[in-house]
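Residues take their numbers from the sequence shown, with the count starting at 1.
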Amino acid sequence: MKNRRRLALMAIDGMLVILAYIGGYLIRFDFSFPNFYRDTFLETALIMLAIYYVVLLGTGQYRRIWRYVTFRDLTQLFYSLAAAAALSWGAFRLVGIMVPRSVQLITLLLTASFFTASRILYRLSWNQPSRQLLQKGTRVLIIGAGMAGEMLSGEMLTHSHLGKTPVAFLDDDESKLYRRIRGIPVLGTLKDLEKVVIEKDIEEVIFAIPTAPRAVLKEVIAQCQAMKVNIRTLPGIYELVDNRVMVSQIRDVNVLDLLGREPVEADLSIISSYVRGKKILVTGGGGSIGTELCRQIAQHEPKELAIFDVHENSLYDIQQELARQRPEVPVRGIIGDMKDDDTVRRMFAEVQPEMVYHAAAHKHVPLMEDNFREAVTNNVFGTLNVVKAAAESGTKRFVMISTDKAVNPTSIMGATKRICERIIHEYHHNGSATEFVAVRFGNVLGSNGSVIPLFRQQIAEGGPVTVTHEEIERYFMTIPEAVQLVIQAGALAKGGEIFVLDMGEPVKIMDLAEEMIRLSGFEPHVDIEIRITGLRPGEKMFEELVFDSDDYETTLHNRIFVEKTNGKNGHSVLEVLDTFRPQISGMNKEEVRVFIRMLVPEYQGWPDETQ
């Protein structure tokens with residue numbers, strides 16, 4: 001089939017060359033053909049035709065898909081025709097046949113015109129929407145009449161099997177209003193969304209402005225949901241590898257689109273220069289944050305990446321993933337428990353890491369309220385083991401992952417992370433050669449045990465979706481965003497800092513639940529029940545990222561800050577830990593709370609007397 005199409009195109013081109021050659025004589029001699037040139041016409045026509053075919057085949061003109069012809073393709077075609085004309089002129093002189101130069105010039109211009117017209121007509125015939133498509137396809141409104149929208153509409157018109165009919169465009173650029181793109185009208189701006197959806201019986205809206213602020217997308221999503229019209233979108237410009245836009249890239253809107261803020265971007269040049277060529281250790285490397293740390297670190301060519309985790313399955317998964325995707329990076333998987341001091345010391349002696357990202361921790365708030373001794377043993381004394389081993393082995397820099405729950409904590413988990421921040425701070429000020437820092441941020445979308453996977457599962461099961469309180473709010477960031485900033489903060493560190501990531505505006509969990517239900521195609525409180533369950537032990541209504549809203553300094557990155565005072569200090573954390581370490585296993589809950597308050601005076605635990 002492909003060869004038949006090529007032969008057919010070559011045959012048409014051959015006829016066009018001959019017609020152009022005849023036209024060259026007729027135009028040159030006032031539409032009469034002098035007898036002097038008639039005797040050599042057939043011979044010169046065959047020579048010219050042979051040369052044109054050789055040049056067109058040699059320059060790959062018959063390997064192009066002309067239904068996608070562009071201006072660049074037509075320019076290259078003209079260069080090929082000009083080369084063929086020049087070679088024809090040389091061939092005529094070589095064999096001693098006289099052909100007027102004016103005839104050859106006119107022939108070239110006619111040939112270029114005929115070839116260009118044939119290619120454009122071919123493309124137009126392919127891009128013309130069929131009547132069947134207009135009748136049966138899903139009626140689509142494209143928001144954005146720029147390059148992305150134009151390419152998207154072209155794909156829909158060209159490929160009728162996609163079953164999508166572009167009916168209209170909307171665009172806020174007034175210069176495009178009431179014009180047509182591929183025959184499709186631009187009917188108004190975003191303010192006209194509801195009117196156009198109703199008047200044109202729109203079944204699907206596609207948001208095709210990759211550079212648009214997320215706040216604009218969020219507003220469009222809200223309008224479409226109110227009208228019960230399906231909305232989909234293209235990836236943001238930062239997600240597109242090149243400028244090519246295809247129907248296959250259209251995706252459903254997701255939770256990140258609902259946050260109404262721009263993606264946080266790190267300075268990859270700083271990250272890369274700091275990570276490249278170093279031996280790096282990630283503790284808790286099998287967890288949500290830990291695995292993403294490993295992925296992003298591996299992208300920047302470390303000398304070696306060691307991954308430490310107590311869970312063999314998750315450790316195996318990330319090790320195998322990196323072996324497939326980054327085979328050039330030496331990866332070492334180490335199974336062990338950071339509560340075991342000897343295991344941690346041996347690991348540091350073997351790995352000798354220059355850089356440590358400490359992500360290992362128990363993090364589930366209600367679970368740690370019940371397992372209070374394990375929370376302290378793992379999060380506090382496990383971290384102390386890792387910190388001591390890093391200092392003793394000569395690690396250059398140590399970055400600990402903290403949480404907003406460490407600020408004025410109401411949970412045991414949050415209090416243990418605050419103690420860990422104090423360990424980091426005190427080790428630095430005790431003169432350690434290792435630069436110890438902590439990075440504090442809020443909830444990450446999609447991490448293990450977070451609210452997003454829980455809501456998704458509850459919706460899939462038909463509800464109810466459980467929210468602890470109507471007014472509860474949380475800060476959110478994607479895992480890749482948070483990890484990029486963690487690595488960047490590590491590169492900015494000088495030692496002793498607690499870095500705080502700017503998470504944007506807090507999001508109401510009730511609003512998030514309602515939006516997720518709508519994105520799943522249901523009506524909240526009608527199709528899917530939202531049940532208020534009450535705050536769980538240790539939970540706060542509102543999280544805080546710093547102890548005092550005015551108590552932080554800026555850094556080179558506009559989304560990373562440094563807390564000034566690091567909260568209230570009280571007793572020496574290292575002395576208290578040395579005293580109480582042997583006693584933790586026998587303490588009841590109230591005794592653990594007393595111990596915590598010695599190190600975290602601002603801790604206010606829940607009135608739960610479970611022992």
Go through Lys339 and Glu374 one step at a time and tell me if the salt bridge (charged side-chain N to carboxylate O under 4.0 Å, His left out) criterion holds. CA-CA 10 Å; Lys339 296 194 297 291; Glu374 175 64 16; 3.3 Å; yes
If every non-hydrogen atom of Leu322 is compared with every non-hydrogen atom of Ala298, which pair is closest and at what distance? CD2-CB, 4.0 Å
Closest non-hydrogen atoms of Asp578 and Lys388, given as atom of the first, atom of the second and distance, are OD1-NZ, 4.3 Å
Holding to salt bridge (charged side-chain N to carboxylate O under 4.0 Å, His left out), I want the full list of residues that pass it with Glu328, two or more places apart in sequence or in another chain. Arg326
List in chain and number order the residues that pass ring-ring contact (aromatic ring centres under 6.0 Å, His included) with Phe436, two or more places apart in sequence or in another chain; answer none if no residue qualifies. Phe398, Tyr427
Any side-chain heavy atom of Met338 within less than 4.5 Å of one from Asn385? no
Are any of the side-chain heavy atoms of Glu461 and Gln457 separated by less than 4.5 Å? yes
Using the ring-ring contact (aromatic ring centres under 6.0 Å, His included) rule, collect all pairs that involve residues 573-602, keeping only residues at least two apart or in two chains. Phe580-Phe595
Tell me if a side-chain donor or acceptor on [X] pairs with a main-chain N or O of [Y] at a distance below 3.5 Å.
{"X": "Ser411", "Y": "Gly414", "value": "yes"}
{"X": "Glu369", "Y": "Leu367", "value": "no"}
{"X": "Arg373", "Y": "Gly586", "value": "no"}
{"X": "Lys589", "Y": "Asp370", "value": "no"}
{"X": "Thr434", "Y": "Thr395", "value": "yes"}

About how many Å separate [atom2] of [Y] and [atom1] of [X], when rounded to the nearest 0.5 Å?
{"X": "Ile231", "Y": "Phe207", "atom1": "CD1", "atom2": "CZ", "value": "7.5 Å"}
{"X": "Ile423", "Y": "His425", "atom1": "CD1", "atom2": "NE2", "value": "13.0 Å"}
{"X": "Ile334", "Y": "Glu350", "atom1": "CD1", "atom2": "CD", "value": "6.5 Å"}
{"X": "Glu435", "Y": "Ile424", "atom1": "CD", "atom2": "CD1", "value": "12.5 Å"}
{"X": "Ile479", "Y": "Gln296", "atom1": "CD1", "atom2": "CD", "value": "10.5 Å"}
{"X": "Tyr603", "Y": "Ile412", "atom1": "OH", "atom2": "CD1", "value": "4.5 Å"}

Which pairs of donor and acceptor atoms, one on a side chain in residues 276-283, lie under 3.5 Å apart (sequence neighbours left out)?
unit_1: Arg276; atom_1: NE; unit_2: Glu301; atom_2: OE1; d: 3.4
unit_1: Arg276; atom_1: NH2; unit_2: Ser272; atom_2: OG; d: 2.6
unit_1: Lys278; atom_1: NZ; unit_2: Tyr274; atom_2: O; d: 2.9
unit_1: Lys279; atom_1: NZ; unit_2: Val351; atom_2: O; d: 2.9
unit_1: Thr283; atom_1: OG1; unit_2: His358; atom_2: ND1; d: 2.7
unit_1: Thr283; atom_1: OG1; unit_2: Ala359; atom_2: N; d: 3.1
unit_1: Thr283; atom_1: OG1; unit_2: Ala360; atom_2: N; d: 3.4

Would you call Glu304 and Arg332 a salt bridge, taking side-chain N to carboxylate O under 4.0 Å as the test? yes
With sequence neighbours excluded, tell me which residues meet side chain to side chain contact (heavy atoms under 4.5 Å, CB included) with Glu321. Arg295, Ile318, Arg324, Gln325
Stepwise salt bridge (charged side-chain N to carboxylate O under 4.0 Å, His left out) test for Arg345 and Glu392: CA-CA 9 Å; Arg345 289 175 184 272; Glu392 292 170 0; 2.3 Å; yes
In residues 462-469, what donor-acceptor pairs under 3.5 Å come from side-chain atoms, sequence neighbours left out?
unit_1: Thr466; atom_1: OG1; unit_2: Gln458; atom_2: NE2; d: 2.8
unit_1: His469; atom_1: ND1; unit_2: Glu471; atom_2: N; d: 3.0

Do Thr410 and Gln604 get their side chains close enough for a donor-acceptor pair, meaning under 3.5 Å? no
Distance-only donor-acceptor check, side chains Ser393 and Gln352, under 3.5 Å: no
Would Glu421 and Lys405 count as a salt bridge (charged side-chain N to carboxylate O under 4.0 Å, His left out) if you check the C-alpha gap in whole Å, the side-chain angles of each, and the deciding distance to 0.1 Å? CA-CA 12 Å; Glu421 289 182 354; Lys405 295 171 179 60; over 6 Å; no
